[in-house]
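Numbers here are sequence positions counted from 1.
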Amino acid sequence: MNFVKRAALSLVARRAKTALLLGIFLVICTLLLGGFLLQGATSRQEAEAQRRIGVDGTVRGDKLTLATAAALGSSPLVERYNPLLRGAANPSGLTPLTSDVPKPDGAKPDDPTEGAGQDGLMLNGIRDSEMLLDFASGRSRIVAGRALTEKDAGRRVVLLEQRLAEKNELRVGDTVGLRSSDGRRTETFEIIGLYEDPRPDPSQWVAPSELIANQVYAPAPAVSALGFGTKPGTAVFKIGSPERAERLHAEAARVLGGDGFRFDVNDKAFRDQVLPLRRVGAFAGSLLWLIALSGAVILGLIVLLTIKERRDELGMLLALGEKKWKLIAQHTVEVTALLLPALAVAALGAQSFAEEAGETLLAREEHTTSLPETRMEAADLGRVAGIGLGISLVATVVPGVGILRLHPRSILTDTE
């Protein structure tokens, strides 16, 4: 009788021990599969956070121009970038909003030598409105039309705040006139979008150009053409992770020529989202190692006890001429045969286990985030099957070394 058939008969004859081994394998496979699903879910969520949030590197300095910002923005390290070129502009045929608070006595009048006064609009030259903090955080949102993108760089288009548009009865598609800083040129801009900023006006009087409703956004080249220069006060560069910040700083030093600029990294939003996920992923990785090692130890002890209980059977087989490696192989087949049914049952419950464990772990974090739905893939089942097979081999081969030292005569003599 070959050792595979003997293994099958042994599993049927020893139903209690078979059920015990199957139960242990079921727990091991469920925890292993749940750990892999949890790791996969956190990895996908971290990748999504890197894509959606990223890390902002902010460059400030006199050497920063629209050209150098574009050169730095073309680096492979940078996903998106946004220069900010600001200036107070006088509108043509458009009335800005004014503060409801009376102007205090002694307030300095606008200096006409500075070009456009503070009684106009604040014109913000940008590249991508979705990169602005107010829009990225959701505090400001587009209510009509569309956002300003890098594709609008060569166009004369603007975003207006909803209250400013309502006061002047303007809609998307209408045009507004904006005069240059020296008052000599007037450019016509098309309204491509209206946005809403729910923040209230300041409780103290401020100039109209400082009011939230009078903030107008246009492409930076168009603002520069109105006479506001080519030196943005700030440029924000979005990168994928904090690890890239040091490399971007070195790139900025190369493009801007060494010193003379300031480089700041804002990765708080990224860390708030990603660090809890990384902790959960690290926990899942540690759990996998712990389960694999403890599973191998537990099964090895059970197999070792089984070998001691079956010394008589082993002695008879050796006396009949059975080879020792086939006896070890028989125990390996007995344990490994329980892996497939255990894995099949574990596949049904591991997903729920992973989701509940992930939500519980994330709930303990200060900055919680939602875990995406776990997704079981064939690769996860393959990894669990591979680890289960490895556990089976370790749990049977290591205790099976004792079989190599067995001798039929000593076993039968002890039995007598």
Side-chain angles (χ1 to χ4, degrees), residues 58-73 80-97 108-135 140 147-161 164-165 168 170 175-193 195 197 206-237 255-256 260-262:
T58 303
V59 178
R60 300 179 178 89
D62 294 336
K63 295 182 179 181
L64 182 66
T65 65
L66 293 179
T68 55
L72 190 56
R80 300 160 68 185
Y81 77 96
N82 206 31
L84 179 58
L85 183 64
R86 306 186 74 209
N90 282 325
S92 176
L94 188 152
T95 304
L97 276 74
K108 294 182 180 180
D110 296 330
D111 186 355
T113 62
E114 295 181 358
Q118 295 296 309
D119 288 335
L121 303 172
M122 181 58 70
L123 189 57
N124 299 274
I126 60 174
R127 186 172 183 266
D128 186 350
S129 62
E130 294 299 323
M131 279 192 64
L132 297 172
L133 180 60
D134 290 340
F135 286 92
S140 297
L148 194 65
T149 69
E150 64 273 10
K151 296 180 180 179
D152 298 313
R155 304 179 60 194
R156 298 288 191 270
V157 292
V158 290
L159 285 178
L160 296 186
E161 213 280 334
L164 179 63
N168 292 273
L170 295 172
T175 58
V176 296
L178 296 175
R179 287 199 294 269
S180 61
S181 57
D182 57 10
R184 296 179 181 179
R185 297 189 304 276
T186 299
E187 294 286 350
T188 300
F189 288 77
E190 177 187 356
I191 302 173
I192 62 168
Y195 72 94
D197 191 327
V206 295
S209 61
E210 298 300 321
L211 289 176
I212 296 172
N214 290 333
Q215 303 298 309
V216 178
Y217 297 97
V223 175
S224 177
L226 276 177
F228 291 100
T230 61
K231 292 185 176 183
T234 302
V236 179
F237 301 87
V255 173
L256 300 177
F261 70 95
R262 177 179 173 182

Got a second to check how far [X]'s [atom1] is from [Y]'s [atom2], nearest 0.5 Å?
{"X": "Leu64", "Y": "Leu84", "atom1": "CG", "atom2": "CG", "result": "10.5 Å"}
{"X": "Leu132", "Y": "Ile126", "atom1": "CG", "atom2": "CD1", "result": "4.5 Å"}
{"X": "Asp197", "Y": "Asp134", "atom1": "CG", "atom2": "CG", "result": "5.5 Å"}
{"X": "Lys63", "Y": "Thr65", "atom1": "NZ", "atom2": "OG1", "result": "12.0 Å"}
{"X": "Leu123", "Y": "Phe228", "atom1": "CG", "atom2": "CZ", "result": "5.5 Å"}
{"X": "Arg156", "Y": "Leu178", "atom1": "CZ", "atom2": "CG", "result": "10.5 Å"}

(Q) Between Arg155 and Glu190 (salt bridge meaning N to carboxylate O under 4.0 Å), is one present in this structure? (A) yes
Heavy-atom donor-acceptor pair, [X] side chain to [Y] backbone, under 3.5 Å:
{"X": "Asp152", "Y": "Pro219", "result": "no"}
{"X": "Asn124", "Y": "Met122", "result": "yes"}
{"X": "Gln215", "Y": "Ser209", "result": "yes"}
{"X": "Arg127", "Y": "Ala70", "result": "no"}
{"X": "Asn168", "Y": "Thr95", "result": "yes"}
{"X": "Asn82", "Y": "Asp128", "result": "yes"}

Could you tell me whether the side chain of [Y] reaches within less than 4.5 Å of the side chain of [X], counting heavy atoms only?
{"X": "Val59", "Y": "Leu256", "value": "yes"}
{"X": "Tyr195", "Y": "Glu161", "value": "yes"}
{"X": "Ser224", "Y": "Leu85", "value": "yes"}
{"X": "Leu94", "Y": "Leu164", "value": "yes"}
{"X": "Ser129", "Y": "Leu159", "value": "yes"}
{"X": "Thr186", "Y": "Arg179", "value": "yes"}

Q: Work out which heavy atom in Pro208 is nearest to a heavy atom in Asn214; give both atom names and the distance.
A: O-ND2, 2.7 Å
Q. Considering all heavy atoms of both residues, which atom of Ala218 and which atom of Val158 are nearest to each other, and what is their separation?
A. CB-CG1, 3.9 Å
Q) Should the pair Phe135 and Tyr217 be assigned to parallel (<30°), tilted (30 to 60°) or perpendicular (>60°) ring geometry? A) perpendicular
(Q) Run Leu226 and Phe189 through side chain to side chain contact (heavy atoms under 4.5 Å, CB included) and show every step you take. (A) CA-CA 12 Å; Leu226 276 177; Phe189 288 77; 4.0 Å; yes
